[in-house]
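Notes for the one structure printed next.
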Amino acid sequence: MIGRLNHVAIAVRDLSAAAALYRDTLGAEVSEAVPQVEHGVTTVFVHLPNTKIEFLEPLGADSPILKFLERNPDGGIHHICYEVDDILAARDQLKANGARVLGTGEPKIGAHGKPVLFLHPKDFNGTLVELEQA
Ligand SMILES: CC[C@H](C(=O)O)C(=O)SCCNC(=O)CCNC(=O)[C@H](O)C(C)(C)COP(=O)(O)OP(=O)(O)OC[C@H]1O[C@@H](n2cnc3c(N)ncnc32)[C@H](O)[C@@H]1OP(=O)(O)O
Ligand SMILES: [Co+2]
């Protein structure tokens with residue numbers, strides 16, 4: 001079912017500082033900040049030879065990462081995103097196996113314009129898992 005590692009997400013309080021750190025200290029290629037209103041975050045992507053880092057900053061009072069940042073004030077790894085060939089088939093198989101799909105269970109369009117879903121961290125070794133349609 002899961003394929004390539006699409007990205008590793010890091011939640012931060014200060015997106016521009018995190019982007020500057022990776023660009024200026026680590027010499028990485030860093031995208032512009034993009035507000036993702038439907039997801040309650042603003043994102044910056046760091047493009048690496050074999051995957052991406054997704055920086056997330058809360059956007060709005062209902063951002064789903066606010067409590068995570070209260071628990072982790074310095075920021076931290078928030079989720080990992082795997083690619084799947086068929087996100088609806090993957091969802092249905094996971095639900096049939098008892099995994100909890102977050103939200104309504106219907107995919108949203110993610111930062112790359114592809115459908116994404118999230119699986120409850122308590123079902124996957126304490127790790128929030130995102131699936132993105134390849
Ligand atoms: C623009 C899209 C972009 C893309 O890649 O395309 C994105 O990635 S958008 C990213 C932001 N959106 C989401 O994260 C959506 C899915 N997340 C959620 O629905 C929430 O974050 C949720 C439900 C996972 C956690 O929300 P919250 O922290 O408010 O809930 P709880 O406090 O009740 O937490 C329950 C339980 O889970 C533990 N937890 C929470 N977040 C994480 C995490 N990131 N990794 C590991 N564990 C997590 C939390 O500590 C609680 O554990 P407990 O032992 O019960 O205290
Ligand atoms: Co993501």
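Quick caveat, the model's predicted, so the values are computed rather than measured. Counting convention: from 1, in listed order, for ligands and their atoms alike.
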Starting from [atom], find the nearest protein heavy-atom neighbour and note its residue, name and distance.
| atom | result |
| --- | --- |
| atom 37 (O) of ligand 1 | Pro121 CG, 3.8 Å |
| atom 56 (O) of ligand 1 | Lys122 NZ, 4.9 Å |
| atom 18 (C) of ligand 1 | Leu102 CD1, 4.0 Å |
| atom 16 (C) of ligand 1 | Phe118 CG, 3.6 Å |

Should you measure from each heavy atom of [X], which atoms of ligand 1 turn up under 4.0 Å away?
| X | answer |
| --- | --- |
| His7 | 5 (O) |
| Gly110 | 6 (O) |
| Glu130 | 4 (C), 5 (O), 6 (O), 8 (O) |

Should [X] and [Y] be regarded as members of a common hydrophobic cluster, given that ILVMFWY residues are connected when their side-chain heavy atoms come within less than 4.5 Å of each other, either directly or indirectly?
| X | Y | value |
| --- | --- | --- |
| Val30 | Leu15 | yes |
| Leu59 | Ile10 | no |
| Ile53 | Leu26 | yes |
| Ile80 | Val46 | yes |
| Leu131 | Leu5 | yes |

For this session: Indicate whether the side chain of His78 and that of Glu54 have a donor and an acceptor atom separated by less than 3.5 Å.
Result: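 Short answer, no.
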Exercise. Under 4.0 Å from atom 44 (N) of ligand 1, do we find at least one protein heavy atom?
Worked result: yes
For this session: Give a yes/no answer: is there an N/O/S atom of His79 under 2.8 Å from the Co ion (ligand 2)?
Result: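 Yes, His79 qualifies, because one of its backbone or side-chain N, O or S atoms lies under 2.8 Å.
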Keeping [X] on the side-chain end and [Y] on the backbone end, is there a donor-acceptor pair under 3.5 Å?
| X | Y | value |
| --- | --- | --- |
| Ser63 | Gly40 | yes |
| Asp123 | Arg100 | yes |
| His7 | His47 | no |
| Gln133 | Asp85 | yes |
| Thr43 | Leu56 | no |

Problem set entry | Where the Co ion (ligand 2) is the vertex, angle from His7 NE2 to Glu130 OE1 to 10° | 90°
Exercise. Does some non-hydrogen atom of Lys114 fall short of 4.0 Å from ligand 1?
Worked result: no
Exercise. So is Gly126 close enough to ligand 1, meaning a heavy atom under 4.0 angstrom away?
Worked result: yes
Considering only heavy atoms, which of [options] lies nearest to [atom]?
| atom | options | answer |
| --- | --- | --- |
| atom 4 (C) of ligand 1 | His79, Glu54, Arg100, His120 | Glu54 |
| atom 21 (O) of ligand 1 | Pro64, Ala9, Ala111, Gly113 | Pro64 |
| atom 41 (N) of ligand 1 | Lys67, Arg71, His78 | Arg71 |

Exercise. Less than 3.5 Å between some nitrogen or oxygen of Glu132 and one of ligand 1, yes or no?
Worked result: no
Exercise. How is the N/O/S atom of Glu54 that comes nearest to the Co ion (ligand 2) named?
Worked result: OE1
Exercise. Is it the side chain, the backbone, both or neither of Lys108 that has a heavy atom closer than 4.0 Å to ligand 1?
Worked result: neither
